[in-house]
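A short worksheet on the structure shown next.
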Amino acid sequence: MFQEERKTNVEYQTIKGEKVPSLGLGTWRLSGQECVKAVERALALGYRHVDTAQMYANEGEVGRGIRNSGVDPEEIFLVTKLRTSNFSHDDVVRSTRESLKKLQTEYIDLLLMHWPNPSVPLEETLGAMAELQEEESVKHVGVSNFPPSMVEDAARYATIFCNQVEYHPYRAQDELLDQAKEMDYLLTAYSPVAKGRVLNDATLQEIGKTHGKTSAQVALRWLIQQEKVAAIPKAASDDHLRSNFDIFDFELNDEEMDRVFILQL
Ligand SMILES: NC(=O)c1ccc[n+]([C@@H]2O[C@H](COP(=O)([O-])OP(=O)(O)OC[C@H]3O[C@@H](n4cnc5c(N)ncnc54)[C@H](OP(=O)(O)O)[C@@H]3O)[C@@H](O)[C@H]2O)c1
């Protein structure tokens, strides 16, 4: 691979003093060779943030894609999530070790609890995750699909770096956005192109026209221009991978940002 291809023009959010690429690759429903290739291609295009989960059963393929890309793993913000059935202390430790092995990495940048699971106390799960942080197998910990009150509870047991939730032009997250700014955590937007729903949106298309961009690019730009927000669109094809990453050469003005916020009402 040419050195040139390893460059990235990605933008970053700053969370607790650390820079996190504001656009990442989602990998849910990517499997086998398609997953390996998508990760490899994304990294060649400049992506430096990859999202997977124990539940996606593709950590091995994600690890292979990273290895094949030739990009220094130190440059990649790698996220995985604990399966909700792995929330007991021993399962957190055992399953994270398995994830590390599959991902072929010595540490995970961000380990999340995938969904709330009231049958295991938060203290137990987050306590085990904090132990993994101490031994440096995990850099940061966080949650996913947590409402604001549960994020507050979680913060009693660990430093919460992220809450990953569904967020796009048709799904408001006002309370969590305020909380993310207040507590200085990353709000990672999943399903950021609303699984393709944004494609035919007249408002997004109209805004896109003035910038020479598609409605999906406007939706992604709108997300990452918000303080503390990252977006992780999933894409398999080269076209989608490329166009989702081609959002760092334009900006939405305040009026355009507001027009997208209004879609949520
Ligand atoms: N924490 C959680 O509970 C949770 C839940 C859901 C998702 N996630 C994470 O978030 C990621 C993204 O969410 P998602 O997969 O639900 O939805 P999404 O990223 O909003 O949508 C993915 C779909 O949109 C298509 N697409 C992507 N870019 C496109 C473009 N530029 N033009 C046209 N179509 C495009 C993809 O097609 P192709 O694949 O054919 O390219 C795929 O069918 C997941 O992969 C996963 O990593 C997390």
Side-chain angles (χ1 to χ4, degrees), residues 21-39 41-42 45 47 49-59 61-62 65 76-87 99 103 108-117 141-147 150-151 154 160-171 173 176 185-201 204-205 208 211-224 229-248 263:
S22 55
L23 192 88
L25 174 69
T27 66
W28 185 30
R29 296 209 170 101
L30 279 173
S31 62
Q33 232 3 60
E34 186 183 47
C35 181
V36 178
K37 288 283 159 212
V39 171
R41 187 66 196 131
L45 287 167
Y47 287 73
H49 174 164
V50 181
D51 180 81
T52 180
Q54 293 174 348
M55 200 194 81
Y56 303 165
N58 63 8
E59 290 174 310
E61 286 81 357
V62 168
I76 303 166
F77 188 78
L78 179 58
V79 185
T80 194
K81 314 182 197 82
L82 293 164
R83 201 185 274 274
T84 49
S85 56
N86 284 332
F87 280 4
S99 292
L103 289 163
I108 290 158
D109 290 278
L110 177 61
L111 179 68
L112 304 177
M113 296 175 67
H114 205 145
W115 284 87
N117 174 2
V141 302
V143 296
S144 177
N145 298 297
F146 272 38
M150 279 193 72
V151 177
I160 301 301
F161 193 85
C162 169
N163 188 14
Q164 184 180 123
V165 295
E166 183 175 349
Y167 185 36
H168 48 66
Y170 314 118
R171 179 75 187 254
Q173 288 292 9
L176 285 176
Y185 68 69
L186 185 71
L187 191 134
T188 301
Y190 75 64
S191 307
V193 296
K195 298 185 178 164
R197 253 180 81 202
V198 300
L199 299 179
N200 298 317
D201 189 289
L204 298 175
Q205 282 174 346
H211 296 281
K213 295 289 174 182
T214 66
S215 47
Q217 289 170 323
V218 171
L220 294 171
R221 184 70 214 177
W222 172 78
L223 285 165
I224 65 158
V229 176
I232 48 166
K234 176 261 178 183
S237 69
D238 188 66
D239 264 10
H240 294 167
L241 285 167
R242 187 183 284 278
S243 86
N244 291 347
F245 198 72
D246 186 18
I247 59 168
F248 302 113
L263 296 174

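Both counts, for ligands and for their atoms, begin at 1 and track the order of listing. Hydrogens, waters and symmetry mates play no part in the numbers below; they use all other heavy atoms, side chains included.
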### Message
Counting only heavy atoms closer than 4.0 Å, does ligand 1 sit against the backbone of Ser144, its side chain, both, or neither?
### Response
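Side chain only; the backbone of Ser144 stays clear of ligand 1.
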### ligand 1 contact by Lys81, heavy-atom criterion under 4.0 angstrom
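Flag set, Lys81 near ligand 1.
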### Task
Could you tell me which residues satisfy side chain to side chain donor-acceptor pair (under 3.5 Å) with Tyr167, sequence neighbours excluded, listed by chain and number?
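With sequence neighbours excluded, Tyr167 shows a side chain to side chain donor-acceptor pair (under 3.5 Å) to Gln226, given in chain and number order.
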Would you tabulate the side-chain donor-acceptor contacts of residues 23-38 under 3.5 Å, counting partners in other chains and residues two or more places apart, or write 'none'?
from, atom 1, to, atom 2, distance (Å)
Thr27, OG1, Asp51, O, 2.7
Thr27, OG1, Asn58, ND2, 3.4

### Message
Heavy atom to atom 4 (C) of ligand 1, shortest distance: which of Trp28, Tyr190, Phe245 holds it?
### Response
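Of the listed residues, Tyr190 has the closest heavy atom.
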### Message
Measuring from atom 29 (C) of ligand 1, which candidate in His240, Lys195, His114 has the nearest non-hydrogen atom?
### Response
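Looking at heavy atoms only, His240 sits closest to atom 29 (C) of ligand 1.
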### Query
Is any side-chain heavy atom of Tyr56 closer than 4.5 Å to a side-chain heavy atom of Val62?
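They are not in side-chain contact.
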### Query
Just by distance, with hydrogens left out, do Ser191 and Glu166 show a side-chain donor and acceptor under 3.5 Å apart?
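Short answer, no.
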### Query
Among side-chain atoms of Asn244 and Tyr47, is any donor-acceptor pair under 3.5 angstrom?
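No, because no side-chain N or O of Asn244 sits under 3.5 Å from a partner of the opposite role on Tyr47.
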### Query
Could an N or O of ligand 1 be found under 3.5 Å from any N or O of Leu199, whether backbone or side chain?
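Between Leu199 and ligand 1 (N or O atoms, distance only) the closest approach is not under 3.5 Å.
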### Query
Is the shortest N/O to N/O distance between Ala216 and ligand 1 below 3.5 Å?
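It does not: no N or O of Ala216 is found under 3.5 Å from an N or O of ligand 1.
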#### Entry: For Trp115, atoms of ligand 1 separated by under 4.0 Å from a heavy atom
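Heavy-atom distances to Trp115 below 4.0 Å select 3 (O).
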### Query
In the protein, which heavy atom is nearest to atom 3 (O) of ligand 1, and how far is it?
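For atom 3 (O) of ligand 1, the nearest protein heavy atom is Asn145 ND2, 2.9 Å.
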